[in-house]
Number of protein chains: 2
Amino acid sequence: MDVAAAAGVSRQTVTRAMNDMPGISSATRERVQQLAAELGYTPSRFAKGLVQGARISLGLAIPDLTNPYFPAFASSVVEEATQRGWNVVVDDFGHGSGSGLDAVTRLAPQVDALVGYLGERSSDAQTMMGRRPVVVLDYPAGRAAGGICFDYSYGAGLALERFQAEGRRRIAYLDSDQEGPATTRGVAVAAAAAGAGMEIIVRRSADSAPAARDEVRGILAEHGGIDGLLVFNDLMAAGALKGLHDAGRAVPEDCGVIGMDGIPLGELVTPELTTLALDLRAVGRSAVDLVDNLLSGAIHPGSAEANLVLKHQLVLRQSA
Amino acid sequence: MDVAAAAGVSRQTVTRAMNDMPGISSATRERVQQLAAELGYTPSRFAKGLVQGARISLGLAIPDLTNPYFPAFASSVVEEATQRGWNVVVDDFGHGSGSGLDAVTRLAPQVDALVGYLGERSSDAQTMMGRRPVVVLDYPAGRAAGGICFDYSYGAGLALERFQAEGRRRIAYLDSDQEGPATTRGVAVAAAAAGAGMEIIVRRSADSAPAARDEVRGILAEHGGIDGLLVFNDLMAAGALKGLHDAGRAVPEDCGVIGMDGIPLGELVTPELTTLALDLRAVGRSAVDLVDNLLSGAIHPGSAEANLVLKHQLVLRQSA
DNA sequence: GCAAGCAACGTGAACGTTCACGTACCCCGG
DNA sequence: CCGGGGTACGTGAACGTTCACGTTGCTTGC
């Protein structure tokens, strides 16, 4: 410790001065503090962490901060973590920063727990994190050691019911092409449609508004009679609205549109988006709560309480 | 180190096994690795950091992740930092998590450099960070030790010119009520208007779409003849579009609207938003570049190169 | 048969901080 | 004058890792 030598005192005295501890005269305290400031001394967070034990830092793995869903979610995670005095290390694995697994590789050595949209790789993530808590959101079939997933069957049912109630018969579902052959949502929608005895058209596009816009134009070119469109998420639904407008279809008169997620964007587009909404802040809060309980040992990885299932709510606005 | 005892080897051997270093038989390596996995052993990041020296972590202080501008910016910061092998600790000081200064207080002990929208408190931030680099975005009058700011006078000029070219005469500016008596943007707009010999109406609202929507209804109630509206940012501009629609004003026919920032949201609203756009990824990239150069000593805090001024570009879409 | 060489492993020391002590010194009361 | 009790400081030790060396023991070559 350089400051100790410069001030002619012991390291312990410097510690006392920097942390405002008792057992030091105010004269030396100020002298040491000023000297520290002059020398640009900053206590090493590593040494501090080593001796003081865990200051918790939470890893947050996000597929794409550019998609407004994720900041909405991240916002509540950060808020909730901040309240607990944790800090949050964010990794965005979009834009060529690799896969979710790369994000976990980067985060694992740096954090005490992990929360994230990791898609298929959740078990690898648990392996890399060892005994440390991992909360996977929107995990695919099967249980995660800890996780939150969504009851898409229920949500899809709500949406299809709505379309039917409106008398819509030619329904299409626009899926994301991100995960493997079909997304979790995709299979749920297909199942719900089959259950309701409906035949629906399924198309996929990249998870962005422009891609959805283009894809919708394609759908309409092939299937002109579509009068209901369910979309993978609200961002793509916003693009879909544009695509319908491009093709001269009026929403909701010619074609109803229902999105998923319930992000604030839905209220800003025209017509305002009917959507299967989640309580986004509740999702973040639940994720951090899970981590907290896993850390404290209040609940155990793999147990029933470590897996939450949240339901969507159909928020009716203008588009359907 | 528990694993060392359990495996009956020395700590050094464990180190060699965990880090795939030479000088160890593959038999012992695997035995140690498996034992480590069973015991749930995770190397302490603190001890590692202490002995190996700095793994850089970058603090990112964000006023409100809920406002789509900030994730757009954060996304490029995270991407750029990830490329350098840094990790990013995010703090959102919206939603009652205090002020920017609170965020800095939380981040300062944990990071090697700081980037953020800190508003007025940038000098306090530098004090808390000592010699470590601080890059302040959108700092108010006066220079920051390191920072990026925007030439709002230039941008405001572009917008007002556009309104004039369209023959619009009754211009209003909707400001944010976040910072003190008037925002940096507010004074720039006022100055640009005065320079152009224009008289403009200035109103303020909270920095959110619903607040802007309400405020715009208020403006129209008082000043019905408004035919041009410049707005603090794109999010508020999106709300303003809704407000104009509520009041039965057609955009751009009855009233033109120009936003600021150039976030992707602008292309999803109807009509699509004409805006003073920034290259958002360039902003993030520049911020991280600055930090990098400050860390390496290539440029010095307070020097001319440590302060960047970026200009807006008027992107014409439908709203003006 | 003996040293050289190499592979496999162990042994302090160090990183920078805090914790639990120990030690001067001063002030007072008796 | 002596001891008790405070205040202001200093002194190992410890946290868990890695680094730069040592130290075995076995092979190899002549």
Side-chain angles (χ1 to χ4, degrees), chain A residues 1-57 85 87 107-112 128-132, chain B residues 1-57 85 87 107-112 128-132:
Chain A
M1 192 182 295
D2 220 11
V3 179
V9 297
S10 70
R11 304 159 303 175
Q12 179 60 18
T13 301
V14 175
T15 297
R16 280 191 269 252
M18 300 303 292
N19 299 8
D20 282 327
M21 299 167 75
I24 183 176
S25 73
S26 50
T28 11
R29 164 169 313 162
E30 285 177 27
R31 190 166 55 93
V32 170
Q33 285 180 348
Q34 174 159 0
L35 210 51
E38 282 172 16
L39 295 176
Y41 162 74
T42 314
S44 151
R45 65 173 179 280
F46 298 115
K48 210 167 219 166
L50 189 55
V51 65
Q52 285 186 331
R55 161 167 197 77
I56 292 175
S57 71
N87 51 28
L107 287 173
Q110 306 290 330
V111 302
D112 306 298
M128 307 202 65
M129 290 291 291
R131 296 240 192 292
R132 293 169 291 173
Chain B
M1 190 183 296
D2 222 11
V3 179
V9 298
S10 71
R11 303 159 303 174
Q12 180 60 18
T13 301
V14 175
T15 298
R16 281 190 269 252
M18 300 304 292
N19 299 8
D20 280 328
M21 300 167 75
I24 183 175
S25 73
S26 49
T28 359
R29 165 168 318 169
E30 284 176 28
R31 190 165 55 91
V32 170
Q33 285 180 349
Q34 174 159 359
L35 210 51
E38 282 173 15
L39 294 176
Y41 162 74
T42 313
S44 150
R45 64 173 180 280
F46 298 115
K48 212 168 217 165
L50 189 57
V51 65
Q52 285 186 331
R55 159 167 199 78
I56 292 175
S57 73
N87 51 27
L107 287 173
Q110 306 290 331
V111 301
D112 305 299
M128 306 201 67
M129 289 291 292
R131 296 240 193 292
R132 293 168 291 173

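Labels below follow one simple rule: chain letters A, B, ... track the order of the sequence lines, proteins then strands, and each chain is numbered from 1.
For D112(B) and R55(B), the salt-bridge test fails: no basic side-chain N is under 4.0 Å from an acidic carboxylate O.
Rounded to 10°, the angle separating the first-five-pair axis and the last-five-pair axis of the helix from dG1(C)-dC30(D) to dG30(C)-dC1(D) equals 60°.
Closest to the side chain of L50(B), from the set dC9(D), dG16(C), dT18(C), is dG16(C). The side chain of P43(B) lies closest to dT17(D) when the candidates are dG16(C), dC9(D), dT17(D).
Counting all heavy atoms, side chain and backbone alike, L50(A) lies closest to S44(B) at CD1-OG, 4.1 Å.
Inter-residue side-chain proximity for M129(B) and T42(A) is flagged as unmet; no heavy-atom pair is nearer than 4.5 Å.
Applying a 4.0 Å cut-off to non-hydrogen atoms, the residues of residues 22-34 of chain A that approach DNA chain D are G23(A), I24(A), S25(A), T28(A), listed by residue number.
Position along DNA chain D of the nearest nucleotide to R16(B) versus N19(B) favours N19(B) as the more 5'-ward residue.
Following rounding to the nearest Å, F46(B) (CZ) and dT18(D) (P) show an atom-to-atom distance of 15 Å. Between the CZ atom of R55(B) and the P atom of dG16(C) there is a distance of 19 Å, given to the nearest Å. Regarding M21(A), its CE atom lies at a distance of 14 Å from the P atom of dA8(D), rounded to whole Å. Nucleotide dC19(C) holds its P atom 10 Å from the NZ atom of K48(A), rounded to whole Å.
In terms of phosphate contacts, S44(A) brings no side-chain nitrogen or oxygen within less than 4.0 Å of OP1 or OP2 of dG16(C).
Neither side chain, E30(A) nor Q34(A), offers a donor N or O lying under 3.5 Å from an acceptor on the other.
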Each nucleotide N or O in nucleotides 12-14 of chain D that has a protein N or O under 3.5 Å away: list the pair and distance.
residue: dG12(D); atom: N7; partner: R11(A); partner atom: NH2; Å: 3.4

